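In what follows, a single structure is set out as structure tokens and then discussed.
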Amino acid sequence: MIWNKVESSSLENLRKLQTKRLKETVKRVYTLTPFYKKKIDELGISLKDIKSIEDIVKLPFTKKQDLRDHYPFGLFTVPMSQVIRVHSSSGTTGKPTVVGYTEHDMDVWDEVMARVFKMAGTTEEDIVHNAYGYGLFTGGLGLHNGAAKVKATVIPSSGGFTDRQVMLMKDFGATILASTPSFALHMAEAASKAGIDYKKDFKLKAGIFGAEPTSKGLKKEVSKVWGIDYHEIYGLSEIIGPGVSCSCKHSDLLHIFEDHFYPEIIDSKTGKVLPDGERGELVITSLTKQALPIIRYRTGDITSLKREPCACGRTMVRMESVVGRADDMMIINGVNIYPSQIEHVISQTEGLTINYQIVVSKKGHLDALDILIEISDDVMIDSISEIENIKKSIQHNLLNNLYINANVKLVEPRSIERSVGKAIRIIDKRD
Ligand code: DLL
């Protein structure tokens, strides 16, 4: 099922559309944001130099730090009276990255999410159990609006409360599951424990899974244990949220909705554009966004682009599943975290050093985070209750500021092994 015929347009028509939209976007950011005007002027180019989509390589990159430097709304190109929604995701330290949407942007988002739901075969007969988190994270509401657009019934269950979710999925007869892949497996385990028979008690036929890196093995496992088609969804708040790309039933590659989001792959060290098929950092330009148009955004995600035709009839370029990150961002149970954010929380607590180590592992199907922090030499902490209070306070701050549950362990001064080169801050024991 293809939602919009543009998804199978000819390359020639697509390029024409992209060219028109790129010119409009560049004009918009140049005239409405001093940030882009300065960057474009510094490169010695003018709007006239952007004659076709291929000229995109002349434009400057945008980084997460640029959004941070203009926190919260500094890169918006419309007055706040036209912004009808705000979302956010983790920044590299204390403050989040904030994104905004006009009514038109929300229409674009709903449109691409409707394409995703159609790719997963959703009709108005379907019941979508949406276990992505609702709130500032784009997952919950993004998937919600797409399911509503194709007129399915949406169960807005959000994250957590695993046993209750399993019960609701069974009782309400959910046919499509939307969640992170790790949560899908976690729910399967809970269902097994509750003695539920998948084949008999559930009506699920497909799932829309994403927001975190996922190995081929894990995908197979989710698909097998639930007995459903696995559709992978990719996206990021800075570009729109979920709905930048999604896989159809014919392969693992994800169709990028490139009439709205223009992709390039670059060498993250040199910034040079790489040919199709080569792995590098994904860079995306929004072609239709109004509130927060973004030029050549460096996603930090490593992938490659494939242009071969797909049996489903869609012609837009496809990306392979994300294989890694160009920076040190970690994704813990779907939440993006930079070690620098954890460091920031630690540095604000008295009596501790910033010699710490983050250990990420698997507990069942979910991610578990242990943080070891050395106590400072200068401070006398002599009661167990004092140690407990410090631990609790850090755990509380991590949960409140970064939305992560961590097990904090305070350790003796100089007990974390030192390395000769860069400090080893992260030990990731997951697959
Ligand atoms: O994670 C949007 C989303 C919600 C996507 C629900 C899919 C489903 P952010 O919180 O801004 O937005 O995080 C974006 O998450 O740069 C990737 O590193 C990672 N990511 C998202 N989808 C995938 C995926 C949402 N399918 C960051 N595979 C991105 C691997 C993914 N990583």
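Fair warning: this is a prediction, and the values are worked out from it, not measured in the lab. Each ligand, and each atom within it, is numbered from 1 in the order the structure gives.
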Give the atoms of ligand 1, by number and element, whose distance to some non-hydrogen atom of [X] is under 4.0 Å.
X	answer
P213	30 (C), 32 (N)
P242	2 (C), 3 (C), 4 (C), 5 (C), 6 (C), 7 (C), 8 (C)
S89	10 (O), 11 (O)

Mind checking whether [X] has an N or O less than 3.5 Å away from an N or O of ligand 1?
X	answer
V322	no
Y132	no
Y234	no
E232	yes
F137	no

Heavy atoms only: which of D301, L143, L236 lies closest to atom 16 (O) of ligand 1?
D301
Out of A211, P96, P181, the nearest non-hydrogen contact to atom 22 (N) of ligand 1 is supplied by A211
Is there a donor-acceptor contact under 3.5 Å from the side chain of R296 to the main chain of V57?
yes
d(Y132 OH, T138 OG1) to nearest 0.5 Å is 10.0 Å
Report the relative orientation of the aromatic rings in Y101 and H87; use parallel for angles under 30°, tilted for 30 to 60°, perpendicular for over 60°.
perpendicular
For ligand 1, the portion of R325 having any non-hydrogen atom under 4.0 Å away:
side chain
Contact check, G235 vs ligand 1, heavy-atom distance below 4.0 Å
yes
Do M113 and H144 pass the side chain to side chain contact (heavy atoms under 4.5 Å, CB included) test, and can you show the C-alpha distance, the side-chain angles, and the key distance before you say yes or no?
CA-CA 9 Å; M113 282 309 305; H144 183 110; over 6 Å; no
Are the charged groups of D105 and R85 less than 4.0 angstrom apart, N to O?
no
Salt-bridge criterion met for D327 and K63 (N-O under 4.0 Å)
no
